[in-house]
A.B. asks: 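The following block contains the structure, expressed as structure tokens.
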Amino acid sequence: MRLCSGAGCGRKVAEDVRYCDECKTERGEAVNADDTRTHTTGYTELEDSLRKTARWQSIRRTVLHRDPFCKRCDAATSEICDHVVPALVAIQQAQESKRYPLDKHAGYFLLSNLQGLCRSCHGKKTLEDKAHVGPWPDIIAIEAAAPKKVWAF
């Protein structure tokens with residue numbers, strides 16, 4: 001027997017095992033019935049299906065082009081297109097606002113709710129989002145206040 005390699009975890013595990021089941025779950029590693037591990041992204045099925053669309057890939061490129069440097073540390077290159085307000089909350093707010101009757105997932109794609117982050121800052125922000133208490137900012141109001149493109153002909 002040995003101690004689990006999880007940070008601060010003192011549980012005992014077998015010699016050939018690195019993490020206990022609880023630490024595997026925290027690290028995003030799902031434990032199957034046959035004791036095999038699979039990596040999980042933490043996305044729901046809905047989020048996973050939306051991030052694989054051509055629409056998302058186009059918006060992702062736009063955001064990373066708009067924010068070449070991380071919006072939090074302003075030092076590293078942006079690698080991840082992150083939702084300021086979590087995606088599921090944004091989708092719910094957009095549906096409740098009734099501003100997008102033809103697109104039930106509009107909140108996922110709002111540019112004013114997206115930012116480019118480096119991997120390090122994204123990890124920190126994800127932990128902050130999980131610990132968030134209280135109401136989230138109203139992204140529909142933020143989107144309405146965002147400057148619109150001015151066409152010059």
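Values below: every heavy atom of this structure, side chains too, minus hydrogens, waters and symmetry copies.
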A.B. asks: Show your working on side-chain contact (heavy atoms from CB on, under 4.5 Å) between Lys104 and Gln95 and close with a plain yes or no.
C.D. replies: CA-CA 6 Å; Lys104 66 181 182 176; Gln95 288 173 347; 3.8 Å; yes

A.B. asks: According to a 4.5 Å side-chain heavy-atom criterion applied to Ile, Leu, Val, Met, Phe, Trp and Tyr, with indirect links allowed, do Val84 and Val63 form part of one hydrophobic cluster?
C.D. replies: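 No; Val63 is not reachable from Val84 via cluster members.
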
A.B. asks: Under 3.5 Å, is there a donor-acceptor pair between the side chain of His83 and the main chain of Ala90?
C.D. replies: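 Side chain of His83 to backbone of Ala90, a donor-acceptor pair under 3.5 Å: no, none is there.
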
A.B. asks: Is the shortest distance from a Lys or Arg side-chain nitrogen in Asp74 or Lys71 to a carboxylate oxygen in the other one below 4.0 Å?
C.D. replies: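 Salt bridge flag = no for Lys71 with Asp74.
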
A.B. asks: What distance do Cys81 atom SG and Arg51 atom CZ have between them, rounded to the nearest 0.5 Å?
C.D. replies: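 Output value for this atom pair is 12.0 Å.
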
A.B. asks: At what distance, to the nearest 0.5 angstrom, does NZ of Lys125 lie from CD1 of Ile80?
C.D. replies: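 Between Lys125 NZ and Ile80 CD1, I get 11.0 Å after rounding to 0.5 Å.
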
A.B. asks: Does this structure show an ion pair linking Asp103 with Arg55, if we count only N-O contacts that are shorter than 4.0 Å?
C.D. replies: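 Judged by the 4.0 Å cut-off on N to carboxylate O distance, Asp103 and Arg55 do form a salt bridge.
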
A.B. asks: With side-chain contact (heavy atoms from CB on, under 4.5 Å) as the test, would you mind laying out the steps for Val85 and Trp136 before giving the verdict?
C.D. replies: CA-CA 7 Å; Val85 172; Trp136 290 97; 4.0 Å; yes

A.B. asks: Measure from the side-chain N and O atoms of Gln93 to the backbone N and O of Pro137, and report whether any donor-acceptor pair falls under 3.5 Å.
C.D. replies: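 Yes: the side chain of Gln93 pairs with the backbone of Pro137.
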
A.B. asks: With side-chain contact (heavy atoms from CB on, under 4.5 Å) as the test, would you mind laying out the steps for Cys73 and Cys118 before giving the verdict?
C.D. replies: CA-CA 8 Å; Cys73 68; Cys118 66; 4.0 Å; yes

A.B. asks: Would you check, one step at a time, whether the test ring pair (Phe, Tyr, Trp, His ring centres under 6.0 Å) holds for Tyr100 with His105?
C.D. replies: CA-CA 9 Å; Tyr100 308 97; His105 302 120; over 10 Å; no

A.B. asks: What is the distance from atom NZ of Lys124 to atom CZ of Arg72, rounded to the nearest 0.5 Å?
C.D. replies: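 Rounded to the nearest 0.5 Å, the NZ-CZ separation comes out at 7.5 Å.
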
A.B. asks: When you check the side-chain N and O atoms of Asp82 and Gln115, is any donor under 3.5 Å from an acceptor?
C.D. replies: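 Asp82 vs Gln115: donor-acceptor pair found between side chains.
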
A.B. asks: Could you tell me whether the side chain of Leu3 reaches within less than 4.5 Å of the side chain of Val13, counting heavy atoms only?
C.D. replies: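 The answer is no, as the side chains (C-beta and beyond) never meet within the 4.5 Å cut-off.
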
A.B. asks: Which distance, rounded to the nearest 0.5 Å, do you find between the CD of Glu143 and the OG of Ser97?
C.D. replies: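 Reported value, rounded in 0.5 Å steps: 10.5 Å.
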
A.B. asks: Determine whether Ile140 and Arg99 make a side-chain contact, defined as any pair of heavy atoms from C-beta on separated by less than 4.5 Å.
C.D. replies: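 Yes - at least one pair of side-chain heavy atoms lies under 4.5 Å apart.
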
A.B. asks: Between Leu114 and Ile59, is a side-chain contact (heavy atoms from CB on, under 4.5 Å) present by the stated rule, with each step listed?
C.D. replies: CA-CA 9 Å; Leu114 299 172; Ile59 289 173; 3.4 Å; yes

A.B. asks: Are the side chain of Thr77 and the backbone of Phe69 linked by a donor-acceptor contact shorter than 3.5 Å?
C.D. replies: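 Flag not set: sc Thr77 to bb Phe69 has no pair under 3.5 Å.
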
A.B. asks: Considering non-hydrogen atoms only, spot the tightest contact between Asp129 and Pro86 and give its length.
C.D. replies: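 Looking at all heavy atoms of both residues, the shortest contact is OD2-CG, 4.2 Å.
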
A.B. asks: What do you reckon, is CD of Glu45 surrounded by more than 12 foreign heavy atoms closer than 6.0 Å?
C.D. replies: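 Open.
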
A.B. asks: Glu47 and Ala87: which non-hydrogen atoms are nearest, and at how many Å?
C.D. replies: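 Shortest heavy-atom contact: OE2-CB, 3.5 Å.
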
A.B. asks: For Ile139 and Gly107, work out which heavy atoms get closest and say how close.
C.D. replies: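 Closest approach of Ile139 to Gly107: CD1-O, 4.3 Å.
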
A.B. asks: Any chance you could measure His65, atom NE2, to Ser78, atom OG, to the nearest 0.5 Å?
C.D. replies: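 Those atoms lie 12.5 Å apart.
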
A.B. asks: Is a side-chain N or O of Thr62 found less than 3.5 angstrom from the main chain of Ser58, in a donor-acceptor match?
C.D. replies: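 Yes; at least one donor-acceptor contact below 3.5 Å.
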
A.B. asks: Considering non-hydrogen atoms only, spot the tightest contact between Arg119 and Glu79 and give its length.
C.D. replies: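 For Arg119 and Glu79, the tightest heavy-atom pair comes out as NE-OE1, 3.0 Å.
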
A.B. asks: Is it the case that one hydrophobic cluster holds both Phe109 and Ile142, taking links as side-chain heavy atoms less than 4.5 Å apart, direct or via other members?
C.D. replies: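 Phe109 does not cluster with Ile142.
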
A.B. asks: Output the distance between atom CD1 (Ile91) and atom OH (Tyr108), rounded to the nearest 0.5 Å.
C.D. replies: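 Ile91 CD1 to Tyr108 OH: 7.5 Å, rounded to 0.5 Å.
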
A.B. asks: Side-chain heavy atoms under 4.5 angstrom apart, residues restricted to Ile, Leu, Val, Met, Phe, Trp, Tyr: same cluster for Leu111 and Leu88?
C.D. replies: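 In one cluster: yes.
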
